[in-house]
Amino acid sequence: MDPVTLTTDRLLLRTVGPQDTDAVYEACQDPDIQRWTTIPSPYLREHAQSFTEQLAPDGWADGSMFTFGVFLHSGELAGMLGITMRALGMGEIGFWTAKRHRSHGYITEAALTACRWAFVHAAIDRIEWRATVGNRASRAVAERAGFTIEGTLRSATNNKGVRHDTWIGSLLPSDLGLPSTAPYLPAP
């Protein structure tokens, strides 16, 4: 699939490329991003370069991961968001926010925009959100975006060689007033 660009009143969501390597590298020096996400730690410039020049473009090309840099209209990187395909019609959202742009609602806005796009244009019928138990900022974004928190998965995430319990939630097209591509039969 060719990369798409999405816009909101405050944000531009677009794929990242070599021109974004420095901004990604700088943002990922934040200890909180390294702690709560599965990015390498320490995060080297070569990691940012591999992400912007290979991983993100390859994900779009083969339809396995739809990565959006979350940019302010000024061009400044506010965060990163990706929807990774996990099964037929099911993706998993992940995101981080650059330290100086936290608490402005940018990632919630980006998550809603990207999820709407995925439901309408990528034939996704369920988007899962997962975060290490204790990552309250990520959980707050998911809840504000309308995700239903479904529970805790024991020992579900391996982050840098350590297993962690993981919160899980989901968003369905119907949560946003959109139709599904496949019928949904909820449990009685």
Side-chain angles (χ1 to χ4, degrees), residues 1-11 13 15 32-33 35-39 55-56 58-68 70 79-97 102-188:
M1 175 180 279
D2 289 331
V4 299
T5 298
L6 307 172
T7 59
T8 72
D9 288 342
R10 303 187 304 161
L11 304 172
L13 281 65
T15 191
D32 286 334
I33 292 175
R35 174 184 180 193
W36 294 115
T37 71
T38 57
I39 68 167
L55 186 64
D58 288 355
W60 278 101
D62 65 19
S64 63
M65 183 173 61
F66 309 113
T67 301
F68 295 96
V70 179
M80 195 65 57
L81 181 145
I83 299 175
T84 303
M85 297 306 298
R86 296 294 186 209
L88 183 62
M90 201 273 287
E92 180 181 336
I93 193 168
F95 45 78
W96 53 256
T97 309
R102 293 185 184 137
S103 301
H104 298 288
Y106 295 140
I107 299 303
T108 301
E109 187 176 326
L112 279 166
T113 302
C115 289
R116 284 183 199 283
W117 170 83
F119 290 144
V120 173
H121 298 286
I124 294 177
D125 285 321
R126 176 182 167 90
I127 298 176
E128 290 184 352
W129 158 86
R130 295 172 187 235
T132 301
V133 170
N135 187 347
R136 298 205 178 280
S138 182
R139 183 170 176 150
V141 167
E143 290 177 331
R144 283 192 305 269
F147 281 75
T148 297
I149 306 304
E150 297 175 334
T152 301
L153 304 173
R154 297 182 312 144
S155 187
T157 303
N158 183 330
N159 190 355
K160 300 165 190 68
V162 178
R163 299 212 61 88
H164 298 271
D165 292 346
T166 303
W167 287 321
I168 185 169
S170 69
L171 188 70
L172 306 178
S174 59
D175 297 331
L176 301 180
L178 299 169
S180 295
T181 61
Y184 168 45
L185 184 61

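Along the sequence shown, residues are numbered consecutively beginning with 1. All values derive from a computational prediction rather than experimental measurement.
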Going by salt bridge (charged side-chain N to carboxylate O under 4.0 Å, His left out), name the pairs with one or both residues in [range], residues two or more places apart or in two chains.
range: residues 130-153; value: Glu92-Arg130, Arg126-Glu150, Glu128-Arg130, Arg139-Glu143
range: residues 103-114; value: Arg10-Glu109
range: residues 176-188; value: none
range: residues 170-184; value: none

### Query
Could you walk me through whether Ile107 and Val70 pass the side-chain contact (heavy atoms from CB on, under 4.5 Å) check?
CA-CA 8 Å; Ile107 299 303; Val70 179; 4.1 Å; yes

Which heavy atom of [X] sits nearest a heavy atom of [Y], and at what distance?
X: Ile127; Y: Ala118; result: CD1-CB, 4.0 Å
X: Cys115; Y: Ile93; result: SG-CD1, 3.9 Å
X: Thr38; Y: Asn158; result: CG2-O, 4.3 Å
X: Asn135; Y: Ala131; result: CB-CB, 4.2 Å
X: Ala122; Y: Phe66; result: CB-CE1, 4.3 Å
X: Pro173; Y: Pro179; result: CB-O, 3.5 Å

### Query
Heavy atoms, side chains only, cut-off 4.5 Å: are Val120 and Leu178 in contact?
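The answer is yes, as the side chains (C-beta and beyond) meet within the 4.5 Å cut-off.
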
### Query
Can you tell if the side chain of Leu171 reaches within under 4.5 Å of the side chain of Leu176, non-hydrogen atoms only?
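Of all side-chain heavy-atom pairs linking Leu176 with Leu171, at least one is under 4.5 Å.
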
### Task
Would you check if there is a donor-acceptor pair between the side chains of Trp129 and Ser138 at a distance under 3.5 Å?
yes

Side-chain ([X]) to main-chain ([Y]) donor-acceptor, under 3.5 angstrom:
X: Lys160; Y: Ile39; value: yes
X: Arg163; Y: Ser155; value: yes
X: Ser180; Y: Pro183; value: no
X: Asn159; Y: Val162; value: no
X: Asp125; Y: Gly89; value: no

### Task
Take Thr152 and Val133, measure what side-chain contact (heavy atoms from CB on, under 4.5 Å) needs, and give me the verdict at the end.
CA-CA 8 Å; Thr152 301; Val133 170; 3.8 Å; yes

Interatomic spacing from [atom1] in [X] to [atom2] in [Y] - rounded to 0.5 Å:
X: Leu88; Y: Thr181; atom1: CG; atom2: OG1; value: 8.0 Å
X: Ile124; Y: Ile83; atom1: CD1; atom2: CD1; value: 5.5 Å
X: Leu11; Y: Tyr106; atom1: CG; atom2: OH; value: 7.0 Å
X: Thr148; Y: Ile168; atom1: OG1; atom2: CD1; value: 11.5 Å
X: Thr97; Y: Ile33; atom1: OG1; atom2: CD1; value: 7.5 Å
X: Thr37; Y: Asp32; atom1: OG1; atom2: CG; value: 10.0 Å

### Task
Not counting sequence neighbours, list each pair that qualifies as a side chain to side chain donor-acceptor pair (under 3.5 Å) and has a residue in residues 113-122.
none

### Query
Could you go step by step and tell me if Thr166 and Thr157 meet the side chain to side chain donor-acceptor pair (under 3.5 Å) rule?
CA-CA 6 Å; Thr166 303; Thr157 303; 2.5 Å; yes

### Message
Among residues at least two apart in sequence or on other chains, which ones pass side chain to side chain contact (heavy atoms under 4.5 Å, CB included) with Thr67?
### Response
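Partners of Thr67 under the side chain to side chain contact (heavy atoms under 4.5 Å, CB included) test: Phe51, Ala56, Trp60, Met65, Met80.
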
### Message
Walk me through whether Phe68 and Val4 qualify under side-chain contact (heavy atoms from CB on, under 4.5 Å).
### Response
CA-CA 9 Å; Phe68 295 96; Val4 299; 3.8 Å; yes

